Amino acid sequence: MNNDNEFQGGDVAAAAAVRRALPPRRRSERPDAAILAAWLEGNLSEAEAAPVEGWIARDPDGPAEIAALRMALEAPRPAPAPSRMVVRAQAIVRPPAAGQRPGSPLAGLLAGLFADPVLRWSPVVAVAVAIALGGFEIGSRGLAPTLQPQSTQTVEAPIDFGAAPSPFL
Amino acid sequence: MRGDPDLIARLVRGDKPAWDRFVAQTAAVVYAAVQRRLVPAGRGDETDDVAQEVYLKLCRNDYKLLRGFDPAKAKLTTFLTVIANTTAIDALRRGRPTGVHADSLDDVPEARLAVDPVEPVRRVKIPEGLLSARQAAVLRLLYDEEKEVAEVAGLLGVEAQTVRSMHHKALTKLRRHFSDEKP
């Protein structure tokens with residue numbers, strides 16, 4: 001029986017032909033959670049929905065996952081979660097340190113540093129102290145030998161202009 | 001719960017009081033979605049840990065998941081249910097037994113080890129793009145999953161009539177393709 005006849009044939013033959021025509025199933029990456037949520041609420045165009053529907057057609061677990069999600073979304077209002085779980089989840093985000101504004105850790109650190117009047121001027125004070133100490137040290141001991149002016153002396157070396165040139169030149 | 005754009009903005013800034021309120025308001029949904037997956041698999045005792053993992057996922061990579069959420073497209077509860085569900089599935093997969101242990105092979109009844117003889121089936125190659133993703137999904141659910149039209153409609157969130165129409169169009173395309181292909 002050729003394929004054409006199979007598809008034209010009765011239900012059983014057509015079903016077998018369709019099954020064979022479908023691409024093989026393989027596990028593939030789930031669509032992005034935000035896309036999946038929007039698809040579940042019917043807020044995507046057909047083009048936007050294609051990654052989700054392609055995943056359902058392809059992934060062996062796709063249809064079951066979607067069915068479970070639909071059931072979960074239709075379930076009645078859930079009972080409150082145990083307080084121990086809530087406390088643990090809340091502890092994931094730590095409160096900012098005093099004076100630190102929320103944001104990225106580095107931004108918070110810098111903001112805290114420059115908000116404090118003592119810390120704000122401390123780098124300037126540290127540089128000034130280092131220069132003053134360096135000057136005092138130089139004044140009392142003199143410069144280190146490597147920093148003193150280099151003395152030069154004349155060296156006389158005998159040069160024989162009559163020597164034979166190197167064979168490599 | 002419709003996602004409040006201000007709430008998401010506060011969360012991704014690391015606003016601690018906003019985070020605490022967010023967890024308190026959403027924990028029931030997350031916990032229930034995780035529990036619904038783990039309990040039937042006999043792993044309900046892991047619900048706390050997996051629910052915690054859901055919130056960790058939301059914070060990871062500078063709140064990448066939360067930043068991707070669009071309150072105009074979906075409710076926050078739907079978004080969280082999706083994440084909780086997939087996190088629970090992944091937890092179950094991680095712990096899934098790998099099969100028959102080699103040491104205990106002798107203890108396994110022979111019937112369980114038997115492999116049904118399967119005749120090799122000639123697969124018909126259909127070109128990429130012949131069917132739309134939606135048409136392929138409809139055929140998959142109707143023929144491979146052997147679901148009724150109403151079930152497929154419920155799953156895809158469309159009317160039963162739409163499923164029938166997509167089924168008809170997909171079969172027409174397949175018939176036309178294979179009759180054109182015939183030498």
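What you see is a predicted model; the values in this text were computed from it and never measured.
Chain B forms the most heavy-atom pairs under 4.5 Å with one residue out of A/L73, A/L36, A/I35, A/V87, and that residue is A/L73. Interface summary for chain B: among A/P63, A/A50, A/G42, A/G54, the most heavy-atom pairs under 4.5 angstrom belong to A/P63. Of the listed residues (B/A133, B/A33, B/S132, B/P17), the one with the most heavy-atom contacts under 4.5 Å to chain A is B/A133. With chain A as partner, the option from B/L11, B/D20, B/N85 having the largest number of non-hydrogen pairs under 4.5 angstrom is B/D20. The candidate with the highest count of non-hydrogen atom pairs below 4.5 Å against chain A, out of B/F79, B/W19, B/F22, B/Y55, is B/W19. Ranked by non-hydrogen atom pairs under 4.5 Å with chain A, the options B/L130, B/T81, B/L131, B/V138 are led by B/T81. Counting heavy-atom pairs closer than 4.5 Å to chain B, the top-ranked of the candidates A/A49, A/A34, A/P51 is A/A34. The greatest number of non-hydrogen atom pairs below 4.5 Å with chain B, out of A/R94, A/R58, A/R84, is found for A/R84.
Heavy atoms of A/P80 lying under 4.5 Å from chain B belong exclusively to its backbone. B/L141 touches chain A through its side chain: at least one heavy atom from C-beta onward sits under 4.5 Å away, while N, CA, C and O do not. Proximity to chain B is limited to the side chain of A/L40, based on heavy atoms less than 4.5 angstrom apart. Both the backbone and the side chain of B/D48 come within contact range of chain A, judged by heavy atoms closer than 4.5 Å. Contact of A/A89 with chain B is made through backbone and side chain together, with heavy-atom distances under 4.5 Å. With a 4.5 angstrom heavy-atom cutoff, B/T47 does not touch chain A via any of its atoms. With a 4.5 angstrom heavy-atom cutoff, A/W55 does not touch chain B via any of its atoms. Using a 4.5 Å cut-off between heavy atoms, B/A24 contacts chain A through both its backbone and its side chain. The contact between B/E146 and chain A is made entirely by side chain atoms (from C-beta outward), counting heavy-atom distances below 4.5 Å.
Note on B/V23: it does not cluster hydrophobically with B/V29, by side-chain heavy-atom contacts below 4.5 Å among ILVMFWY residues. A/M71 and B/L92 fall into different hydrophobic clusters, where Ile, Leu, Val, Met, Phe, Trp and Tyr side chains are chained together by heavy-atom contacts under 4.5 Å. There is no path of hydrophobic side-chain contacts, each under 4.5 Å, that joins B/V39 to B/V30. Hydrophobic cluster membership is shared by B/V152 and A/V52, with clusters built from Ile, Leu, Val, Met, Phe, Trp and Tyr side chains linked at under 4.5 angstrom.
Listed here is the closest heavy atom pair of A/A79 and B/A28: O-CB, 3.4 Å. Contact detail for A/N43 and B/A72: the closest heavy-atom pair is ND2-O, 4.4 Å. Taking every heavy atom of both residues into account, B/I83 and A/A33 meet most closely at CG1-CB, 3.6 Å.
Proximity of A/M85 to B/V34: side-chain heavy atoms (C-beta onward) are nowhere separated by under 4.5 Å. Residues A/P82 and B/Y31 are in side-chain contact: their nearest non-hydrogen atoms beyond the backbone lie under 4.5 Å apart.
Salt bridge B/D49/A/R88: present, at least one basic N to carboxylate O contact under 4.0 Å. Classification of A/E74 and B/R36 as a salt-bridged pair fails, no side-chain N sitting under 4.0 Å from a carboxylate O.
Contacts of residues 155-168 of chain B with chain A at a heavy-atom distance below 4.5 Å involve B/L155, B/L156, B/G157, listed in sequence order.
B/I89 contributes atom CD1, which lies 5.0 Å from atom CZ of A/R30 (distance to the nearest 0.5 angstrom). Rounded to the nearest 0.5 angstrom, A/E53 CD and B/Q135 CD are separated by 10.5 Å. With rounding to the nearest 0.5 angstrom, the CG atom of A/L69 is 8.0 Å from the OG1 atom of B/T86. How far CD1 of A/I92 is from NZ of B/K57: 12.5 Å, rounded to the nearest 0.5 Å.
Counted within 6.0 Å of NZ on B/K169, heavy atoms from surrounding residues, nucleotides or ligands total 12 or fewer; the atom is thus considered open. Atom CD of A/E48 has more than 12 heavy atoms from other residues, nucleotides or ligands within 6.0 Å.
A distance-only check finds no donor-acceptor pair linking the side chain of B/K73 to the backbone of A/W39 [under 3.5 Å].
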(message) Test side chain to side chain contact (heavy atoms under 4.5 Å, CB included) on B/R37 and A/E65; report intermediate values, then the result.
(response) CA-CA 10 Å; B/R37 276 283 177 178; A/E65 284 196 27; 4.3 Å; yes
(request) Take A/V93 and B/Y63, measure what side chain to side chain contact (heavy atoms under 4.5 Å, CB included) needs, and give me the verdict at the end. (result) CA-CA 11 Å; A/V93 172; B/Y63 301 92; 3.5 Å; yes
